[in-house]
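Heads up: the structure comes next, in structure tokens.
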Amino acid sequence: MGTDRSVSEDYGGGAVRYLVTGGAGFIGSHLTDALLARGDEVVVLDDLSTGRLENLKEALATGSVEFVEGSILDAELVDSCTAATDVCLHLAAAVGVQLILEQPLDSLLRNVRGSDVVISSVVKHGGKVLVASSSEIYGKSSGALLGEDSDRILGPTSTSRWAYSMAKAFSEVLANAYASECQAETITVRFFNTVGPRQTGAYGMVMPRFVQQALVGAPLTVYGDGSQTRCFTHVRDVTEAVLRLCDEAAATGKTFNIGSPHQISIADLARRVIERTGSDSEIVMVPYDEAYADGFEEIGCRHPDLSLIARIAGWSPRVTIDEMIDDVIAYNSATAAAAVPADLNEVA
Ligand code: UDP
């Protein structure tokens, strides 16, 4: 492991200039806050399609962040942002299974073309780029621990869910190709079900949906039989993982899982949310064909092998599932986001 601030040292020991694409989004805004807190300079590029300026309220109030509203598909704009960038955290993407199934074309183009524009531009200016990928990469898991070099098992191209996996894979292999052919400095991270304050339930993510449903006494909609498991990770832990990797010289050129080793079934999650909110909501089981648009296929479990990031960056997650739920409850109780979208209990 290198020193904590090896990037700063690489850049002369002063503040590092970061570009965060998708910086008004859930994870991007937390990263922006953390970078500002440690004295780095941040430019945020976001088209506000799923991100919200509200997420950057505290960051913008510092006067130390530059916000650029625009698309990662705008090559000229991206180039103007990357010109003075030391490190780019490329998070801008279409996210959420529901959104991806409903708008497959937009999610494909933003992920594939957008990643090409961003990565090639950062590389041209000699910066380092961290590409945000997803556990969707692994496709249908057999239940085994997923290591970064595990095989990917995908369904047919006609099933929209796998298109997202392929789009993310394209970003990954593009970064790898720039690294091997152009000696570019790249890092790829695969997020496993990140949760926490500022995550919206509007695009299907289960934790904020359950919490919002429980807070208003609406039924919690468990899709399928609820036996599918996920390993939820608090955004605070995820932020720490990303920054450690950026600061660690030995992380360059590698791909990392960022997740939690603790699995929980979706049915258990629903029970736990009801318990911790003190809600009298019921749990309803919703068949998948009512829950999602065509092109959906469930993933039974996603269990990350975290040994690589532990070895290279000395990172492992600390926040427990109950603390995650409590944080999401506190956020949704305290903000306007607590207002349940009209369609929260409707299925796609
Ligand atoms: N899910 C659910 N009810 C909801 C939203 C999602 O039971 O209201 C399920 C979904 O089918 C999946 C799990 O929760 O099995 C996690 O879904 P999410 O979209 O949050 O993440 P992903 O499927 O990408 O892991």
Side-chain angles (χ1 to χ4, degrees), residues 26-27 50 93-102 104 107 111 132-141 143 146 154-155 159-165 167-168 190-196 198-216 218-235 238 257-260 262-274 279 281-304 321 324-325 328 332 340-348:
F26 160 49
I27 302 177
T50 56
V95 289
V97 176
Q98 213 157 290
L99 186 71
I100 286 151
L101 294 178
E102 284 165 12
S107 29
N111 284 308
S133 184
S134 162
S135 56
E136 285 280 329
I137 279 288
Y138 295 107
K140 316 178 204 193
S141 153
L146 299 167
L154 301 185
T159 300
S160 307
R161 181 167 198 158
W162 310 127
Y164 179 65
S165 181
K168 281 294 179 189
R190 295 175 180 158
F191 297 133
F192 282 68
N193 295 87
T194 308
V195 295
R198 301 181 190 158
Q199 186 177 37
T200 163
Y203 311 112
M205 279 73 161
V206 67
M207 177 91 76
R209 286 177 65 89
F210 281 180
V211 167
Q212 289 165 6
Q213 289 165 337
L215 285 176
V216 297
L220 271 63
T221 50
V222 169
Y223 298 162
D225 66 5
S227 63
Q228 68 274 27
T229 65
R230 293 293 185 272
C231 297
F232 294 95
T233 322
H234 195 285
V235 69
V238 169
N257 287 335
I258 298 182
S260 154
H262 306 296
Q263 305 188 63
I264 183 170
S265 76
I266 297 304
D268 279 346
L269 177 71
R271 285 189 279 272
R272 215 109 157 206
V273 168
I274 287 174
S279 169
S281 286
E282 294 168 2
I283 292 176
V284 293
M285 302 291 183
V286 180
Y288 288 122
D289 58 358
E290 287 176 27
Y292 292 108
D294 286 349
F296 174 76
E297 195 173 332
E298 179 61 288
I299 293 169
C301 86
R302 285 168 162 165
H303 194 195
I321 188 74
M324 293 180 218
I325 294 171
V328 176
N332 282 282
V340 178
D343 66 347
L344 199 59
N345 276 319
E346 286 171 15
V347 285

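Atoms within each ligand, like the ligands themselves, are counted from 1 in listed order.
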Of all the heavy atoms in [X], does at least one lie under 4.0 Å from an atom in ligand 1?
X: Q213; answer: no
X: Q212; answer: no
X: R302; answer: yes
X: F210; answer: yes

Under 3.5 Å, is there a donor-acceptor pair between the side chain of [X] and the main chain of [Y]?
X: S281; Y: A218; answer: yes
X: Q213; Y: T221; answer: yes
X: Q263; Y: H303; answer: no
X: E290; Y: Y288; answer: no
X: K140; Y: G300; answer: no
X: T233; Y: V238; answer: no
X: Q199; Y: V328; answer: no

**OP:** Could you see which bit of R161 sits under 4.0 Å from ligand 1, with heavy atoms only: side chain, backbone, both or neither?
**Re:**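 Within the 4.0 Å criterion, R161 contacts ligand 1 through side-chain atoms alone.
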Original post:
Side chain, backbone, both or neither: which part of E298 comes within less than 4.0 Å of ligand 1 when only heavy atoms are counted?
Top reply: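 Looking at E298 and ligand 1, just side chain atoms fall under 4.0 Å.
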For ligand 1, which atoms, with element, lie under 4.0 Å from some heavy atom of [X]?
X: Y292; value: 6 (C), 10 (C), 11 (O)
X: E136; value: 24 (O)
X: V222; value: 7 (O)

Subject >> Test of proximity, V206 against ligand 1: N or O pairs below 3.5 Å >> reply: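 The answer is yes, given that V206 and ligand 1 share an N or O pair closer than 3.5 Å.
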Subject >> Q228 N/O to ligand 1 N/O under 3.5 Å >> reply: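 For ligand 1, there is an N or O atom that lies under 3.5 Å from one belonging to Q228.
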Could you check [atom] against the protein and tell me its nearest heavy-atom contact, residue, atom and distance included?
atom: atom 7 (O) of ligand 1; value: Y223 N, 2.8 Å
atom: atom 21 (O) of ligand 1; value: N193 ND2, 3.3 Å
atom: atom 13 (C) of ligand 1; value: I266 CD1, 3.6 Å
atom: atom 3 (N) of ligand 1; value: T221 O, 2.6 Å
atom: atom 5 (C) of ligand 1; value: G204 O, 3.3 Å
atom: atom 8 (O) of ligand 1; value: R209 NE, 2.8 Å

Subject >> Side-chain touch I299/Y138, heavy atoms, less than 4.5 angstrom >> reply: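 A side-chain contact under 4.5 Å is absent here.
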Original post:
Where is the tightest heavy-atom contact between I283 and A270, given as atom of each residue plus distance?
Top reply: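 That closest heavy-atom pairing would be CD1-CB, 3.7 Å.
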Subject >> Straight-line distance of F191 CZ to I27 CD1, nearest 0.5 Å >> reply: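 Reported value, rounded in 0.5 Å steps: 4.5 Å.
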Original post:
Are side-chain N/O atoms of R161 and Y292 paired as donor and acceptor at under 3.5 Å?
Top reply: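 Checked: R161/Y292 side chains show no N/O donor-acceptor pair below 3.5 Å.
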